[in-house]
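Structure first, then comments.
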Amino acid sequence: MSLSIFYLGCNGQNNNNLNKNVGSNIKMGKTIEKLDLDYIKNHAQKISYRVQGAVSSEVLSDEKPNMIYYKLDEVKNGKKIYIEGDEENGFTSEIKYLNSDYLEYISYDGKGNLLTKIKQSVYGFLIEEQEYNERRKLIKSIDYDNEFKFKWEGVKEYLKTLNVKTDINSFNNHPYPNKDIPIPIIKREFIKDTNQTQQYPVGTKKIWCLENVEGIYDNKKGIYSIILDGDSGEVLIVKEFKGKKSGSEGFGTYADYELIYSKLANKKQSSTYKTYEGKDYTRSEWEEFEQKQFEDYARKHNISIAKNDKKDTNGFTSRFLLDD
């Protein structure tokens, strides 16, 4: 079991929101109990020893190790617990609650003092993050359920419209034997990076990322990655997985996605028909502007105000395309 399954943003970037004190319903300053190091020493497997700078998987009876690396893997009190680490570099813990749909990832210093605690859904998205100081006092916290107006229940309902099976066993059942097919995962994050803000409509602050879900979008079955607004639930981006492509100079491969829908691009396309002298015009506004300009031109040159038959490249009869 890996302890490196920590949350990454939808664009592969770390979500550094622990420096933000928002949305917590946990009282700051609350003291949390320490990791029981005596229990670890008595029940965990001793994986390696360090004796005078050298690391070994065993130690002679007459040697006293400087450091011991422990691993504990057990099921206890309805929890599957995995802990590893040592008293120099600290410990990490992964806890799966057997009768729930979330996990906890916890880090401690070498004395067993709590440093960070992350509560994460088995689907992948963060539920809560906490950070503690050296006195084991809670100093920073984010409650994602409180921060996102569009809740997980709404995300599940949307997935059902795509014929995506949302029970965890079906969701985690990889649909294809081909290992090149990416694993589905659900994430959510705050939008802070400038490159990210350019992808979404102005004012977008939070997003849900439904990555690599097998379903039916626009009557077509496929594997899709979909971005929803974290407050309204509105669809912002849809991409379809097209397979793997070779990396630069043939080294490695990467997932290839085709953009199917972008609200930002669609909004720009539908709202701005032409730009003239720095001003954007919708199609109706531009037609009205052209008509007025033509009428002014016609009055000055004694031209009959009648619509001619010449067409512009967009199929609209342009008033400025006058007969010679």
Which salt bridge (Lys or Arg N to Asp or Glu O under 4.0 Å) pairs, counting each pair once, include a residue from residues 103-114, with sequence neighbours left out?
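For residues 103-114, and leaving out neighbouring residues, the salt bridge (Lys or Arg N to Asp or Glu O under 4.0 Å) pairs sorted by first residue read E104-K117.
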
Summary of salt bridge (Lys or Arg N to Asp or Glu O under 4.0 Å) pairs that have at least one residue in residues 225-234, sequence neighbours excluded
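Listed once each, the pairs are K206-D231, E234-K263.
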
Is the charged tip of R188 near the ring of F148: under 6.0 Å from the six-membered ring centre and within 45° of its axis?
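Yes, R188 lies over the aromatic ring of F148.
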
Between F241 and Y257, does the ring pair (Phe, Tyr, Trp, His ring centres under 6.0 Å) criterion hold? Intermediate values first, please.
CA-CA 5 Å; F241 176 71; Y257 294 89; 5.6 Å; yes

Can you list the residues that meet the side chain to side chain contact (heavy atoms under 4.5 Å, CB included) rule with K71, with sequence neighbours excluded?
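Residues passing side chain to side chain contact (heavy atoms under 4.5 Å, CB included) with K71: I47, Y69, Y82, E84.
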
Could you list the residues that satisfy salt bridge (Lys or Arg N to Asp or Glu O under 4.0 Å) with K292, not counting sequence neighbours?
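K292 satisfies salt bridge (Lys or Arg N to Asp or Glu O under 4.0 Å) with D296 once adjacent residues are dropped.
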
Could you go step by step and tell me if W208 and F125 meet the ring pair (Phe, Tyr, Trp, His ring centres under 6.0 Å) rule?
CA-CA 9 Å; W208 281 94; F125 60 88; 5.1 Å; yes

So, taking the atom named CD in E240 and the one named CG in D218, what distance separates them when rounded to the nearest 0.5 Å?
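The CD atom of E240 sits 10.5 Å away from the CG atom of D218.
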
Between S107 and T116, do the side chains contain an N or O donor and an N or O acceptor separated by less than 3.5 Å?
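On atom types as modelled, these side chains qualify, holding a pair under 3.5 Å.
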
For N89, which residues count as a side-chain hydrogen bond (donor to acceptor under 3.5 Å, both in side chains) partner, sequence neighbours excluded?
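In terms of side-chain hydrogen bond (donor to acceptor under 3.5 Å, both in side chains), with neighbours along the sequence ignored, N89 is linked to D86.
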
Single hit among I83, L103, I106 for side-chain contact (heavy atoms from CB on, under 4.5 Å) with I95
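Exactly one option meets the side-chain contact (heavy atoms from CB on, under 4.5 Å) with I95, and it is I106.
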
Which residues share a ring pair (Phe, Tyr, Trp, His ring centres under 6.0 Å) with Y224, sequence neighbours left out:
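Expected list: Y217.
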
